[in-house]
Structures are given as C-alpha cells and as structure tokens.
Amino acid sequence: NAKKRGRNRVVIYDDSMESANRERLQLENDLRRAVELDQLLLHYQPQVDALDGRVTGAESLVRWNHPKQGLIPPFKWIPIAEEMGLIEDVGEWVLRRACADLVELRAQGHSLPKVSVNVSALQFHDEFVATVSSALQDSGLPPESLEVELTEGIMVSNQESVVSMVQNLKDLGIRLSIDDFGTGYSSLSYLTRFPLDELKIDRSFVLGLAKGSQDVELVRAIIAMAKSLGLEIVVEGVERMEDLEFFLGQGVSVIQGFLFSQPVPLTQLSPLLAPEHFLRQLQRLQGSQTK
Ligand code: C2E
Ligand code: MG
Ligand code: MG
Ligand code: MG
C-alpha cells in the first residue's frame with residue numbers, strides 16, 4: 001500500500017514538476033529578453049510627511065510587463081533574475097530609469113526631493129559604484145536626489161570590501177537607506193559602521209501593531225535607537241489611520257504606505273506631487289475618523 005501510494009505520488013509529483021519546470025523555463029527564457037524588449041517598468045510610491053503632507057521622496061518599484069501574464073510583481077521574478085545572473089542588468093536599468101524619470105519630472109515643473117532605488121545583495125559588486133556614478137552623470141541628477149536602499153543582507157557582511165564600497169557610494173554624495181529593517185540578521189553593529197542616512201521600518205512590524213503584539217515595544221526600541229544614531233525614519237506599509245497615529249505619537253511622521261498611496265506609474269505620480277495634495281487627503285482622513 002505504501003509502495004503503491006509512493007508510486008502514485010511519484011507520478012503526480014512528476015506531472016506537476018514537469019509543468020512547473022516548463023513554466024519556470026519559459027519564465028527564464030522570457031526574463032532573459034525582458035530588459036532588451038523594454039518590458040520592465042517602474043512604479044513609484046510616495047513617502048509623505050504626515051505632519052504637513054509634504055512628499056519627501058518616492059521609492060521606485062520595478063514591475064515586469066510580461067506579454068502574456070501582464071504585470072508580474074517583483075517577488076515572483078527578482079529571485080529568478082538573481083539566480084540567473086540577470087539582476088545586474090535589471091538593477092542598472094532601474095537605476096538609470098529612476099534617475100532619468102526624476103530629471104524629467106522636474107523638467108515638467110514638479111517638485112520631488114529624491115527618488116530611492118532598491119539594490120539586491122547580488123548586485124552589490126565592485127562595479128556598482130561606477131554604475132551609480134555613471135547613471136548620475138548621464139541623467140544629470142544631483143547626487144543628493146538619489147537614495148539607494150540597502151538591505152541587512154548587504155550590511156551584515158564585515159568584509160572590508162563591503163565597508164569601503166558603501167563608503168565610496170556615500171562619497172558620490174547620494175543618500176543611503178537601510179530597507180526592511182529588523183527582518184534580517186540580528187547584528188546591529190553595522191548601523192554605526194556604515195554611513196547611513198535613513199532607516200525604513202518594515203511593514204511586518206506595522207502589521208504587528210494591529211494585532212496588539214509585543215511588536216509595539218520592539219518598534220519603540222527601533223525608533224529610539226534610530227533617533228539616537230541620527231537616522232531619519234520612514235515607516236513602510238502604513239494602511240490604517242490608527243497606525244499613523246501610533247507613529248506620530250512616537251515622533252515619527254514620514255510614512256510610505258497604502259494609507260497615502262499605492263505605488264503608481266510615473267504619469268500618476270505627478271498629480272500626487274501637487275502642493276497640499278496629501279494635506280487635503282490627511283484632512284479628509286481625519287474628518288472621516290471623527291465622524
Ligand atoms: P520593499 O523595497 O520593501 O518595497 C516595499 C513594498 O511594500 C512594495 O512592494 C510596496 O508595494 C509594498 N507596500 C508599501 N506600502 C504598503 C502597504 O501599505 N500595504 C501593503 N500591503 N504593501 C505595501 P512591491 O512593489 O511588490 O515590492 C516588493 C519587493 O520587491 C520590494 O520590497 C523590494 O525588496 C523588491 N523590489 C522592488 N523593486 C525592486 C528593484 O528595482 N530591485 C530590487 N533588487 N528589488 C526590488
Ligand atoms: Mg525598498
Ligand atoms: Mg522595504
Ligand atoms: Mg519590506
């Protein structure tokens with residue numbers, strides 16, 4: 001019976017494996033040409049200071065417009081691009097497009113202080129600094145208008161090469177942010193070893209607040225630590241007014257979350273940059289809350 005079940009399972013497994021493999025192979029094939037076929041695009045999510053509604057920046061978030069499957073979110077293909085050694089091409093495309101987009105926005109008269117770009121640990125090689133420098137030069141974007149989001153996976157490495165690379169990046173004049181803070185490795189020593197400007201509190205902590213878990217204490221500690229290190233703080237994934245109020249109560253006001261806006265294509269970003277857009281949205285949110 002066990003043998004029979006085993007054999008059946010093997011057969012079923014084989015079938016689904018085969019189709020999964022086929023899909024994966026197809027995706028890999030398609031991904032290989034996605035950059036040259038111009039199928040990648042960037043969405044932007046504004047970061048808003050809830051004290052005055054000012055937009056402090058926007059994060060670029062890559063999407064793949066697959067000819068058959070439509071927009072594919074990054075979690076479904078960035079890891080594949082990393083495995084395939086394609087992440088450097090994707091990353092360079094993102095960097096150049098984000099710089100060019102901000103220059104273009106400003107040329108149209110919109111004001112946006114900075115754009116941030118995600119960087120994969122596998123993209124973080126020697127050539128990366130030169131790529132950033134070249135993207136800045138070719139676009140004409142002032143370095144202080146570009147922010148690079150590093151992850152704990154990059155920073156946790158004590159290698160001198162990583163430390164000096166991050167310093168070289170900083171020396172270009174760009175801003176450095178630490179993304180998804182608190183979700184990766186537990187070593188905190190890197191926070192003082194690297195010249196960081198900003199810390200992003202991960203969405204998972206905000207979700208914890210809703211459940212009334214001990215995350216509240218953890219978030220308070222993270223905020224206190226970030227402040228004492230002189231880091232600016234951005235909270236990711238704020239969807240509810242209660243969560244915004246919690247952070248305001250902790251003296252943290254810069255928010256990136258669906259409460260203000262989902263990530264949107266560039267053409268839909270510019271109206272959000274109009275003066276007072278988010279101030280009015282805040283007033284509406286507060287109004288509907290007291291009702
Ligand atoms: P991330 O860098 O932490 O980006 C924030 C993610 O949280 C985005 O998902 C954003 O849409 C989502 N988010 C923001 N606010 C809310 C909210 O209030 N509620 C909910 N439910 N979600 C919210 P997205 O765009 O799917 O990106 C996921 C991850 O993919 C990013 O996480 C980043 O790690 C990676 N990624 C995106 N673009 C790039 C890129 O250009 N290069 C690399 N290497 N990775 C990228
Ligand atoms: Mg990010
Ligand atoms: Mg993040
Ligand atoms: Mg995150």
Side-chain angles (χ1 to χ4, degrees), residues 31 34-35 39-48 50 57-65 70-101 114-125 128 131-132 135 146-155 175-184 196-210 222 233-244 246-247 254-266 268-269 272 278 281 285:
L31 191 52
V35 173
Q39 291 171 352
L40 299 187
L41 60 133
L42 291 184
H43 281 182
Y44 291 94
Q45 189 177 29
Q47 299 162 334
V48 179
E59 178 175 14
S60 66
L61 295 156
V62 73
R63 272 87 181 103
W64 176 15
N65 190 11
L71 285 194
I72 311 184
F75 78 91
K76 289 196 177 155
W77 61 273
I78 290 275
I80 302 177
E82 287 175 335
E83 274 176 46
M84 293 175 66
L86 293 174
I87 196 66
E88 292 187 35
D89 289 347
V90 171
E92 178 166 355
W93 181 89
V94 168
L95 195 57
R96 290 183 177 279
R97 172 50 57 86
C99 290
D101 279 353
K114 61 182 189 299
V115 67
S116 55
V117 169
N118 290 284
V119 174
S120 154
L122 293 175
Q123 189 190 341
F124 208 69
H125 293 311
F128 183 66
T131 306
V132 173
L146 177 67
E147 180 168 75
V148 163
E149 294 192 1
L150 306 171
T151 57
E152 291 177 49
I154 296 173
M155 317 298 281
R175 287 172 48 95
L176 298 180
S177 175
I178 177 89
D179 200 3
D180 303 336
F181 182 79
T183 61
L196 300 169
D197 300 286
E198 176 190 284
L199 178 154
K200 299 186 83 173
I201 296 179
D202 191 66
R203 186 168 86 91
S204 54
F205 294 107
V206 181
L207 292 174
L209 298 180
I222 291 173
I233 301 171
V234 175
V235 188
E236 272 185 332
V238 172
E239 297 182 3
R240 313 181 315 152
M241 201 57 191
E242 298 95 284
D243 295 329
L244 170 59
F246 169 82
F247 284 103
V254 180
I255 301 297
Q256 180 186 338
F258 291 179
L259 181 68
F260 286 121
S261 175
Q262 302 216 349
V264 294
L266 188 67
Q268 290 171 41
L269 178 67
L272 307 183
F278 285 111
Q281 187 169 326
L285 285 167

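Counting starts at 1 for both ligands and their atoms, in listed order.
Judged by the shortest distance from any of its heavy atoms, E59 lies inside the 4.0 Å radius around the atoms of ligand 1. Using 4.0 Å as the threshold, G91 has no heavy atom nearer than that to any atom of ligand 1.
In D179, the part holding a heavy atom less than 4.0 Å from any atom of ligand 1 is the side chain. Contacts between L259 and ligand 1 below 4.0 angstrom, taking non-hydrogen atoms only, are absent altogether. At a heavy-atom cutoff of 4.0 Å, ligand 1 is contacted by the side chain of Q45 but not by its backbone. Contacts between E236 and ligand 1, counted as non-hydrogen atom pairs separated by less than 4.0 Å, involve the side chain only. Contact annotation: for P73 versus ligand 1, there are no heavy atoms closer than 4.0 Å. Residue contacts with ligand 1, taken as heavy atom pairs separated by less than 4.0 Å, involve N118 via backbone and side-chain atoms alike. If you look at R63 next to ligand 1, the close heavy atoms, those under 4.0 Å, all belong to the side chain.
Using a 4.5 Å cut-off on side-chain heavy atoms (C-beta onward), F260 and Q45 make no contact.
With respect to the Mg ion (ligand 3), D179 has OD1 as its nearest N, O or S atom. For E59, the N/O/S atom at the shortest distance from the Mg ion (ligand 2) is named OE2.
For residue E149, an N/O/S atom approaches the Mg ion (ligand 2) to within less than 2.8 Å. Between the Mg ion (ligand 3) and D180 there is an N/O/S contact shorter than 2.8 Å. Metal site remark for the Mg ion (ligand 2): E236 contributes no N, O or S atom at a distance under 2.8 Å. Among the atoms of N118, an N, O or S atom falls under 2.8 Å from the Mg ion (ligand 2).
In terms of polar-atom proximity, V62 is counted as a contact of ligand 1, with an N or O under 3.5 Å from an N or O of the ligand. For the pair F258 and ligand 1, the shortest N or O to N or O distance falls below 3.5 Å.
Under a 4.0 Å criterion applied to the non-hydrogen atoms of V238, ligand 1 contributes the atoms 18 (O).
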